**Q** 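Attaching a single structure in C-alpha cells format; questions to follow.
These numbers come from the heavy atoms of this one structure, side chains and all, not from hydrogens, waters or symmetry mates. The chain is numbered in sequence order, starting from 1. Everything quoted here is computed from the prediction, not taken from an experiment.
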Amino acid sequence: QSESAVLDPGLAHAGRVPREDVADRHSPIVESVGQCSRPDSGRNRNYGGGTETGRTSMALLDDYRLTDRYLKDQGTSFLTGIQALARVAVQQLRIDRLAGLNTAAFVSGYPGSPLGSFDQEIARATAIVPDLPIVHQPGLNEELAASAVMGSQLASEQPDCQYDGILGIWYGKAPGLDRATDALRHAVFAGTSRYGGAVVLVGDDPSAKSSTLPSSSDSALVDLHIPILYPGDVQEILDLGRHAVELSRLAGVWTSLKVVAAVGDGSGTADLDLGRTVPVVPDMVIDGVAYEHRPDGNLITPHTLRLEQDFREARAELVRRYALANGLNRTTVDTPDAWIGLVASGFTYYEMLQALDRLGLTTPAEIAAAGIRVFQMQMPVPFNPAVIREFSRGLDEIVVVEEKNPTLEWLVKDALYGGPDQPVVVGKTHPDGRLLMRSWGILDADAMVDGLRERISARSGDRLAPEQKRREQALIPLSVER
C-alpha cells in the first residue's frame with residue numbers, strides 16, 4: 001500500500017517550521033507532505049557542546065545575524081511572514097542583476113492588518129540593502145497608492161527611464177482592496193512591462209483578529225481578473241512571490257499574493273537561495289506571434305475595447321499556460337484506488353493535512369490507503385481546467401476545502417461539467433444540504449475535521465482513528481461586572 005502513494009517532491013519546503021499560532025505542527029503528515037526535504041529542526045540535538053553535532057550547530061549560530069534575511073542569497077534564515085513579503089522585492093532585484101538587468105522597485109500602499117507592519121518592515125529592508133534601488137512611498141489612501149504603482153509600469157515606456165523595468169508592489173488589507181478597485185481595474189487594463197511587473201499584496205483577516213469585520217479578498221480579485229497566488233507559509237511567500245513577479249512580466253498582468261493573518265503573523269525558517277525557484281517560460285505564441293505586452297495608459301474608448309480583447313484572449317491564456325508549465329496546481333498524494341479527492345489551497349491546505357492527521361491518517365501512505373487523492377492549488381484562480389479533469393479521473397467524490405465563499409468549489413464544478421468524469425463535488429454543504437464546511441471565521445483543522453470524517457467514513461471509516469471526546473469550553477466568570 002505504501003508503494004501506491006505518490007508524494008510530489010516538488011512541494012518540498014526546505015526549512016519549513018511549525019507556526020506558533022497553530023497547535024501540533026510537528027505531526028508526521030504535515031512534515032511528510034508539506035516539507036519533504038525539511039532539515040533537522042534541532043529538537044533532538046545536544047546544544048551543550050558535548051558532541052560534534054552540538055559544536056557545529058553552535059558555530060552556525062555564531063555566524064547568524066538577523067539581517068541575514070535581507071543580506072544573504074543562500075542558506076536559511078528565520079523570517080516572519082511580513083519579513084518574507086519585504087524580501088520579495090529584494091530577492092527579485094538581485095535575481096535581475098544576475099541576469100544582467102538594471103531594474104528598480106517601487107512600493108506603495110496603505111498600512112492595515114494583517115499587513116499593518118509591512119510599511120515599517122520594507123523601510124527596514126531598504127535601509128539594510130542601500131545598494132538596491134527600492135523606493136517605498138506610502139499612499140495617502142489605497143487608490144492613490146494603486147495609481148502610483150500603475151505609473152511605475154508606464155514609466156518604463158518613457159524614453160528617459162533609467163531602468164530596464166520597475167517592479168511595482170501595492171499593499172493593503174481586504175477592505176483597502178475594495179476601496180481601490182477602480183484604480184486597480186484601470187491598472188489591470190493598462191498592464192505591466194516586460195521587466196517590471198506589478199504585484200498586489202492583500203492581507204485577509206478571516207477571523208477579524210485585528211479588524212472590525214472578517215474579510216476575504218477572493219471575490220474582489222476574481223472580479224478584477226487578478227490571478228491569486230496563495231502561500232500557506234513563509235517559504236511559499238518567497239517561492240510564490242518569485243512566480244507572481246515572473247507571471248506579471250511575461251503575461252502583462254497584475255498578480256496578487258493572498259496573505260491571511262495566520263501566515264502574515266506566523267514565522268518560520270526559509271531557504272534563501274536565489275536559484276530555489278526557477279520559473280518555466282510557457283509557450284508565448286498567440287495567433288502565430290510571440291506575445292510581449294507593452295503597458296498602455298490610453299484608457300479611452302474605443303481603445304479600451306481593444307485592451308479588453310487583448311486581456312481576455314491573450315493575457316488570460318498566458319496566465320493559464322504559466323500555471324500549467326510551472327506546476328503551481330498539482331496532485332500531492334495519489335493512489336490507483338482513490339475514490340475521494342480533497343482540494344485545498346494556501347493556509348487551508350496545511351490545516352487540511354493537520355485535520356487528516358487528527359483522523360489517524362498521519363502519512364501519505366495512510367492517506368492513499370484510505371482511497372484519498374490530494375490536490376494542492378498554489379494558484380487557485382485562474383486555473384487550467386485540464387488539471388482538475390485529470391485529478392478527477394476515477395473519483396466518485398471531490399471535497400473542496402476553502403474558507404469563506406465557495407469560489408473554488410464553483411470553478412471546480414464548472415471545469416468538470418459535461419465531461420466524461422462526473423464525481424460528486426461538495427464543499428460548503430453535504431449533498432443533502434447539511435453544513436459540511438463553515439463559511440464564517442477561520443477554517444482551521446478544528447473546524448473541518450468533523451466534516452472530513454463524515455465524508456471519508458462513507459467507505460474508509462475503518463481506517464480512521466476513533467473519535468475523541470472533546471473537552472467542553474466554558475467562560476470563566478468575572479468577579480466584577482461593568
**Q** So how far is it from D233 CG to E236 CD, rounded to the nearest 0.5 Å?
**A** 4.5 Å

**Q** Is there a side-chain contact between L328 and F383 in this structure, where contact means two heavy atoms from C-beta onward sitting under 4.5 Å apart?
**A** no

**Q** Minimum heavy-atom separation for L307 to R315, with atom names?
**A** O-NH2, 3.6 Å

**Q** Specify the closest pair of heavy atoms between I134 and V90, including all atoms of both residues, with the distance to one decimal.
**A** CD1-CG2, 3.9 Å

**Q** Quick one: list whatever passes side chain to side chain donor-acceptor pair (under 3.5 Å) with Q137, sequence neighbours left out.
**A** none

**Q** Determine the minimum heavy-atom distance between P231 and L257, stating which atoms define it.
**A** CD-CD2, 4.3 Å

**Q** Check whether any side-chain N or O of R97 sits under 3.5 Å from a backbone N or O of Q92 as a donor-acceptor pair, and report yes or no.
**A** no

**Q** Taking the side chain as every heavy atom from C-beta outward, state whether S156 and Y195 have any atom pair closer than 4.5 Å.
**A** no

**Q** Quick one: do L356 and L342 satisfy side-chain contact (heavy atoms from CB on, under 4.5 Å)? Show the steps, please.
**A** CA-CA 11 Å; L356 291 176; L342 304 180; 4.0 Å; yes

**Q** Looking only at the side chains, is there a donor atom on one of Y110 and E143 sitting less than 3.5 Å from an acceptor on the other?
**A** no

**Q** Under the ring pair (Phe, Tyr, Trp, His ring centres under 6.0 Å) definition, can you give me all pairs with a residue in residues 307-326, not counting sequence neighbours?
**A** H225-F311, H243-Y322

**Q** Are K404 and D218 close enough for a salt bridge, meaning some N to O gap below 4.0 Å?
**A** no

**Q** Indicate whether the side chain of D239 and that of T277 have a donor and an acceptor atom separated by less than 3.5 Å.
**A** yes

**Q** If only side-chain N and O atoms count, and only distance matters, is there a donor-acceptor pair under 3.5 Å linking S211 with K173?
**A** yes

**Q** Checking the side chain of D68 only, and the main-chain atoms of R65 only, is there a donor and an acceptor separated by less than 3.5 Å?
**A** yes

**Q** How long is the straight-line distance from CG of L85 back to CD1 of I237, given to the nearest 0.5 Å?
**A** 4.5 Å

**Q** Just so I know, are the side chains of L201 and S256 near enough to count as touching, which here means a heavy-atom distance under 4.5 Å?
**A** no

**Q** Keeping E402 on the side-chain end and E409 on the backbone end, is there a donor-acceptor pair under 3.5 Å?
**A** yes

**Q** Please check if any side-chain donor atom of S108 sits under 3.5 Å from a side-chain acceptor atom of Y171, or the reverse.
**A** no

**Q** Considering only NZ, NE, NH1 and NH2 on the basic side and carboxylate oxygens on the acidic side, decide whether R194 and D164 come within less than 4.0 Å.
**A** no

**Q** If I take atom CZ from residue R124 and atom CG from residue L66, how far apart are they, to the nearest 0.5 angstrom?
**A** 11.5 Å

**Q** Q354 vs Y349, test: side-chain hydrogen bond (donor to acceptor under 3.5 Å, both in side chains). Steps then yes/no.
**A** CA-CA 9 Å; Q354 183 64 43; Y349 171 79; over 6 Å; no

**Q** Quick one: CG on L79 to CG on L238, what's the gap to the nearest 0.5 Å?
**A** 6.5 Å

**Q** Give a yes or no on whether the backbone of A244 and the side-chain of T255 come within a donor-acceptor separation of less than 3.5 Å.
**A** yes

**Q** Going by heavy atoms in the side chains, are M379 and P382 under 4.5 Å from each other?
**A** yes

**Q** Look only at the side chain of T80 and the backbone of Q83, and say whether a donor-acceptor pair between them is shorter than 3.5 Å.
**A** yes

**Q** Please check if the side chain of W254 supplies one atom and the backbone of L184 the other of a donor-acceptor pair under 3.5 Å.
**A** no

**Q** Going from CE on M377 to CG on L408, what distance comes out if it is rounded to the nearest 0.5 angstrom?
**A** 5.0 Å

**Q** Spell out, as yes or no, whether a donor-acceptor pair under 3.5 Å connects the side chain of D205 to the backbone of S210.
**A** yes

**Q** Mind checking side chain to side chain donor-acceptor pair (under 3.5 Å) for S219 and listing every partner two or more places apart, or none if nothing turns up?
**A** N405

**Q** Is any side-chain heavy atom of S248 closer than 4.5 Å to one of E246?
**A** no

**Q** Do you know which of K428, K258, R438 makes salt bridge (Lys or Arg N to Asp or Glu O under 4.0 Å) with E403?
**A** K258

**Q** Can you check whether I82's main-chain N or O pairs, donor with acceptor, with E121's side chain at less than 3.5 Å?
**A** no

**Q** Might you work through the side-chain contact (heavy atoms from CB on, under 4.5 Å) test for V425 and V343, ending with a clear yes or no?
**A** CA-CA 10 Å; V425 179; V343 179; over 6 Å; no

**Q** Counting C-beta onward and ignoring hydrogens, is there a side-chain heavy-atom pair between Y163 and L101 closer than 4.5 Å?
**A** no

**Q** Step through the shown structure and confirm whether more than 12 heavy atoms of other residues, nucleotides or ligands are within 6.0 Å of CG on D131.
**A** yes

**Q** Taking all non-hydrogen atoms of both residues into account, name the closest pair between H293 and D310 and its distance.
**A** ND1-OD2, 3.7 Å

**Q** Under a 4.0 Å threshold between the charged nitrogen and the carboxylate oxygen, would D273 count as salt-bridged to K72?
**A** no

**Q** Step by step, would you call F189 with D296 a side-chain contact (heavy atoms from CB on, under 4.5 Å)?
**A** CA-CA 8 Å; F189 268 66; D296 191 342; over 6 Å; no

**Q** What do the steps show when you test R249 against D96 for salt bridge (Lys or Arg N to Asp or Glu O under 4.0 Å), and what is the final call?
**A** CA-CA 12 Å; R249 291 177 170 183; D96 290 343; 2.8 Å; yes

**Q** How close do E390 and R373 get, counting heavy atoms only, and between which atoms?
**A** O-NH1, 4.4 Å

**Q** Could you tell me whether the side chain of R94 and the main chain of L274 form a donor-acceptor pair under 3.5 Å?
**A** no

**Q** Is it true that Q376 and Y230 share a donor-acceptor pair across their side chains at a distance under 3.5 Å?
**A** no

**Q** Identify the heavy atoms of D204 and A174 that sit nearest to each other, and give their distance.
**A** OD1-CB, 3.6 Å

**Q** Enter the distance from I166:CD1 to S193:OG here, rounded to the nearest 0.5 Å.
**A** 7.5 Å

**Q** Using a 4.5 Å cut-off on heavy atoms from C-beta on, say whether the side chain of I398 contacts that of L416.
**A** yes

**Q** Go through it in stages, so that I can follow the logic: the residues are M352 and V374, the test is side-chain contact (heavy atoms from CB on, under 4.5 Å), and I'd like the CA-CA distance, side-chain angles, deciding distance and then a yes or no.
**A** CA-CA 10 Å; M352 183 183 71; V374 180; 3.8 Å; yes

**Q** Heavy atoms, side chains only, cut-off 4.5 Å: are V381 and P227 in contact?
**A** no

**Q** Using modelled atom types only, decide if a donor and an acceptor are shared between the side chain of H303 and the backbone of L299 within a distance under 3.5 Å.
**A** no

